[in-house]
Amino acid sequence: MAEGIFAAEIVEECRRRGLLAGAYALRRPRGATFLRRLARDLAEQRKAPRVLVQRGVALLRAEPAVLRRQTGLGAEAARAREVLRRVAGLLAGHPHG
């Protein structure tokens with residue numbers, strides 16, 4: 001299992017080696033992601049609020065391109081609930097969720 005923004009980098013190699021059960025890029029509402037990230041970053045007080053808002057807006061704008069890149073590398077765009085259902089199916093021995 002790999003997780004994170006760079007996980008899609010290994011999809012093709014895992015597929016080639018027969019090691020891939022599934023590859024997913026989470027598709028979430030961008031506004032909700034922005035607010036969650038901003039709340040977390042403000043709570044952690046890592047940077048000035050103005051910087052955090054600017055960074056959050058930049059990430060909000062970049063998110064569609066990130067998702068396109070991940071799907072271009074072989075990950076399937078899916079909502080979290082769908083990914084959880086499919087992983088549960090794999091764990092239960094049902095290869096297609």
Colleague: Treating Ile, Leu, Val, Met, Phe, Trp and Tyr as nodes and any side-chain heavy-atom pair under 4.5 angstrom as an edge, say whether Leu20 and Leu90 lie in one connected cluster.
Modeller: no
Colleague: How long is the straight-line distance from CZ of Arg55 back to CG of Leu52, given to the nearest 0.5 Å?
Modeller: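 Reported value, rounded in 0.5 Å steps: 7.0 Å.
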Colleague: Share the residues that join Val66 in a hydrophobic cluster, the rule being Ile, Leu, Val, Met, Phe, Trp or Tyr side chains under 4.5 Å apart at the heavy-atom level.
Modeller: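 Ile5, Phe6, listed by chain and number.
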Colleague: Enumerate the residue pairs fulfilling side chain to side chain donor-acceptor pair (under 3.5 Å) with a member in residues 71-84, sequence neighbours excluded, ordered by first and then second residue.
Modeller: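 Of all non-adjacent pairs touching residues 71-84, those that pass side chain to side chain donor-acceptor pair (under 3.5 Å) are Glu76-Arg86, Glu82-Arg85, Glu82-Arg86.
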Colleague: Provide the closest heavy-atom pair for Ala8 versus Leu73 in the form atom of the first, atom of the second, distance.
Modeller: O-CB, 3.6 Å
Colleague: Given the rule that I, L, V, M, F, W and Y join up when any side-chain heavy atoms are under 4.5 Å apart, are Val53 and Leu60 in one cluster?
Modeller: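 Val53 clusters together with Leu60.
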Colleague: Supply the atom-to-atom distance Arg28 CZ to Leu67 CG, rounded to the nearest 0.5 angstrom.
Modeller: 11.5 Å
Colleague: Is the number of heavy atoms from other residues, nucleotides or ligands under 6.0 Å of Arg46 CZ greater than 12?
Modeller: no
Colleague: Around atom CZ of Arg27, are there more than 12 heavy atoms of other residues, nucleotides or ligands at under 6.0 Å?
Modeller: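 Yes, because the 6.0 Å sphere around CZ of Arg27 holds more than 12 heavy atoms from other groups.
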Colleague: Just so I know, are the side chains of Thr33 and Arg36 near enough to count as touching, which here means a heavy-atom distance under 4.5 Å?
Modeller: yes
Colleague: Using salt bridge (charged side-chain N to carboxylate O under 4.0 Å, His left out) as the criterion, list what pairs up with Arg15, not counting sequence neighbours.
Modeller: Glu12
Colleague: Return the minimal non-hydrogen interatomic distance between Tyr24 and Ala75, and the atom names on each side.
Modeller: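 Nearest pair, atom of Tyr24 first, then Ala75: C-CB, 4.0 Å.
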Colleague: Should Phe34 and Leu42 be counted in the same cluster of Ile, Leu, Val, Met, Phe, Trp and Tyr side chains packed under 4.5 Å apart?
Modeller: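 As far as the 4.5 Å side-chain criterion goes, Leu42 and Phe34 are connected within one cluster.
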Colleague: Closest approach of Gln70 and Ala25, non-hydrogen atoms and distance?
Modeller: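 Heavy-atom minimum between the residues: OE1-CB, 3.3 Å.
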Colleague: Are Leu26 and Val11 linked, directly or through intermediate hydrophobic residues, by side-chain heavy-atom contacts shorter than 4.5 Å (ILVMFWY only)?
Modeller: no
Colleague: Can you confirm whether Glu44 is buried at CD, in the sense that more than 12 heavy atoms of other residues, nucleotides or ligands lie under 6.0 Å from that atom?
Modeller: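 Atom CD in Glu44 is crowded, with more than 12 foreign heavy atoms closer than 6.0 Å.
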